[in-house]
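Note sheet for the following structure.
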Amino acid sequence: AVDNGPEVVYHDLINSDETLSLVISKLDNEVDLDDLGGADAVGERLFGEKTKDNPIQLIDASEREVENRKFYDLEYFVDLKEKSRHEYATVVVDRGFLYTLAASTSEQRWSKMQDIYKRVISSFTFFI
């Protein structure tokens, strides 16, 4: 657990900058993911619009449905001065909460990890 951050963060034992995190955010109103906008709009809303001052760039946004729940899968690049990162995430709304599961690694390792991360993220669902 991380104070004022994700509910859970896992770090790889060998490559500690490779992480898997889960953020659970309470929503003010009972809404569906559609109410927040399409996948692109939600991706830009969560990570900011593309500007020269924003180090986060949304690369791809797609939608999938699992057992009548809509998920938005988001891929983005984070241009940090010390080390650039690549992340794949999914967001879903359930019972008044927004869940964000994200897998992240350095840009150098992305080509090796992207297929694994996409499988992990796309496997996220609810058994309720």
Side-chain angles (χ1 to χ4, degrees):
V2 178
D3 291 337
N4 298 321
E7 296 295 315
V8 179
V9 177
Y10 293 103
H11 291 270
D12 185 275
L13 292 174
I14 296 169
N15 294 304
S16 63
D17 65 340
E18 293 181 1
T19 62
L20 180 66
S21 63
L22 176 64
V23 176
I24 303 171
S25 305
K26 178 78 173 131
L27 299 172
D28 293 334
N29 302 320
E30 188 71 29
V31 298
D32 291 326
L33 200 52
D34 286 331
D35 297 331
L36 301 175
D40 286 317
V42 169
E44 288 183 6
R45 191 181 205 173
L46 289 174
F47 307 114
E49 292 186 26
K50 296 177 189 174
T51 67
K52 66 177 185 174
D53 296 331
N54 185 0
I56 302 171
Q57 178 185 5
L58 182 64
I59 295 170
D60 188 37
S62 60
E63 179 182 308
R64 65 186 163 90
E65 193 165 311
V66 179
E67 298 179 10
N68 298 321
R69 281 194 182 87
K70 189 172 288 189
F71 292 77
Y72 291 161
D73 295 336
L74 310 167
E75 179 184 344
Y76 55 96
F77 173 77
V78 182
D79 187 14
L80 302 173
K81 292 178 183 174
E82 59 279 352
K83 187 185 287 189
S84 296
R85 299 189 58 76
H86 210 109
E87 190 157 316
Y88 197 69
T90 193
V91 296
V92 62
V93 171
D94 187 69
R95 294 185 202 126
F97 290 90
L98 175 69
Y99 294 83
T100 305
L101 180 68
S104 178
T105 189
S106 66
E107 186 62 22
Q108 292 171 323
R109 297 256 315 147
W110 178 247
S111 63
K112 293 178 183 170
M113 299 304 297
Q114 67 180 338
D115 290 338
I116 293 169
Y117 281 2
K118 288 181 180 183
R119 280 197 311 266
V120 168
I121 296 302
S122 65
S123 73
F124 184 62
T125 190
F126 292 92
F127 294 109
I128 300 172

- Message: With rounding to the nearest 0.5 angstrom, report the CG to CG distance, Asp94 to Leu27.
- Response: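 These two atoms lie 10.5 Å from each other.
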- Query: When rounded to the nearest 0.5 angstrom, what distance separates OG1 in Thr100 from CD1 in Ile24?
  - Reply: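 Going from the OG1 atom of Thr100 to the CD1 atom of Ile24 covers 9.5 Å.
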- Message: For Phe124, give me all partners under ring pair (Phe, Tyr, Trp, His ring centres under 6.0 Å), at least two apart in sequence or on another chain.
- Response: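 By the ring pair (Phe, Tyr, Trp, His ring centres under 6.0 Å) rule, Phe124 matches Phe126.
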- Task: Please list, chain by chain and in numerical order, all residues satisfying side chain to side chain contact (heavy atoms under 4.5 Å, CB included) with Ser25, sequence neighbours excluded.
- Result: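 Partners of Ser25 by the side chain to side chain contact (heavy atoms under 4.5 Å, CB included) criterion, ordered by chain and then number, come out as Val23, Leu98.
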Specify the closest pair of heavy atoms between [X] and [Y], including all atoms of both residues, with the distance to one decimal.
X     : Y      : result
Asp79 : Ser84  : OD1-OG, 3.3 Å
Asn68 : Glu65  : CA-OE2, 3.6 Å
Arg85 : Ser106 : NH1-N, 3.8 Å
Ala61 : Leu74  : CB-CD2, 3.7 Å

- Query: Is atom NZ of Lys112 surrounded by more than 12 heavy atoms (other residues, nucleotides or ligands) closer than 6.0 Å?
  - Reply: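 Open.
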- Message: Please check if the number of heavy atoms outside Glu63 that lie under 6.0 Å from its CD is greater than 12.
- Response: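 For Glu63, atom CD is crowded (more than 12 foreign heavy atoms under 6.0 Å).
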- According to the ring-ring contact (aromatic ring centres under 6.0 Å, His included) rule, which pairs have a member within residues 64-83, sequence neighbours left out?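 The answer is Phe47-Tyr76.
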Is there a side-chain contact between [X] and [Y], using heavy atoms and a 4.5 Å cut-off?
X     : Y     : answer
Asp73 : Arg64 : yes
Ile56 : Glu87 : no
Glu75 : His86 : yes

Using a 3.5 Å cut-off and no angle test, enumerate the donor-acceptor pairs between side-chain atoms of residues 29-41 and protein atoms at least two apart in sequence or in another chain.
residue, atom, partner, partner atom, Å
Asp34, OD1, Lys70, NZ, 2.7
Asp34, OD2, Lys70, NZ, 3.1
Asp35, OD2, Asp32, N, 2.9

Review item, side-chain donor-acceptor pairs of residues 113-122, under 3.5 Å, at least two apart:
residue, atom, partner, partner atom, Å
Gln114, OE1, Trp110, NE1, 3.0
Tyr117, OH, Ser104, O, 3.2
Ser122, OG, Lys118, O, 2.8
Ser122, OG, Arg119, O, 3.3

